[in-house]
Amino acid sequence: MPLLPALLNAATLAAVGATAYTAVLAAVALTSVLSPAPEIRRDARATLTILLRRRRRG
């Protein structure tokens with residue numbers, strides 16, 4: 001059963017990565033809404049566009 005610890009480590013790493021990505025998205029989304037400066041809001045929205053870009057399957 002040496003495969004089980006490796007799978008658990010991979011699953012843990014994937015969960016940590018997904019959590020970090022979600023935290024970054026939340027921070028950028030809040031910045032794009034709550035920032036008083038229009039330039040910062042515009043930059044945050046552009047960053048969100050990049051982070052949320054989906055690839056087309058074709």
Side-chain angles (χ1 to χ4, degrees):
M1 287 273 204
L3 184 60
L4 187 59
L7 288 176
L8 288 176
N9 286 339
T12 302
L13 183 61
V16 168
T19 302
Y21 184 72
T22 302
V24 167
L25 283 179
V28 173
L30 284 174
T31 301
S32 72
V33 173
L34 299 177
S35 178
E39 312 82 44
I40 295 174
R41 286 194 309 267
R42 187 174 30 252
D43 290 344
R45 279 190 228 110
T47 304
L48 274 175
T49 302
I50 292 168
L51 290 174
L52 294 176
R53 185 172 298 154
R54 305 262 184 212
R55 294 184 184 201
R56 291 186 182 199
R57 296 179 187 185

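Atom set for the values below is all heavy atoms of this structure, side chains included, hydrogens, waters and symmetry mates excluded. Just so you know, these numbers come straight off a predicted model, no measurement behind them.
Annotation: side chain to side chain contact (heavy atoms under 4.5 Å, CB included) contacts of I40 (sequence neighbours excluded): T31, S35, A37. With sequence neighbours left out, the side chain to side chain contact (heavy atoms under 4.5 Å, CB included) criterion links R42 to E39.
With side-chain heavy atoms closer than 4.5 Å counting as contact, directly or through intermediates, the hydrophobic cluster containing L34 also holds L30, V33. Residues Y21, V24, L25, V28, L48, L51 make up the rest of the hydrophobic cluster containing L52, defined by ILVMFWY side-chain heavy atoms closer than 4.5 Å, directly or through other members.
The two residues R41 and P36 come nearest to each other via the heavy atoms NH1-O, 3.3 Å.
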Contacts table for residues 3-20: side-chain donor-acceptor under 3.5 angstrom, sequence neighbours left out:
{"from": "N9", "atom 1": "ND2", "to": "P5", "atom 2": "O", "distance (Å)": "3.4"}
{"from": "T12", "atom 1": "OG1", "to": "L8", "atom 2": "O", "distance (Å)": "2.8"}
{"from": "T19", "atom 1": "OG1", "to": "A15", "atom 2": "O", "distance (Å)": "2.8"}

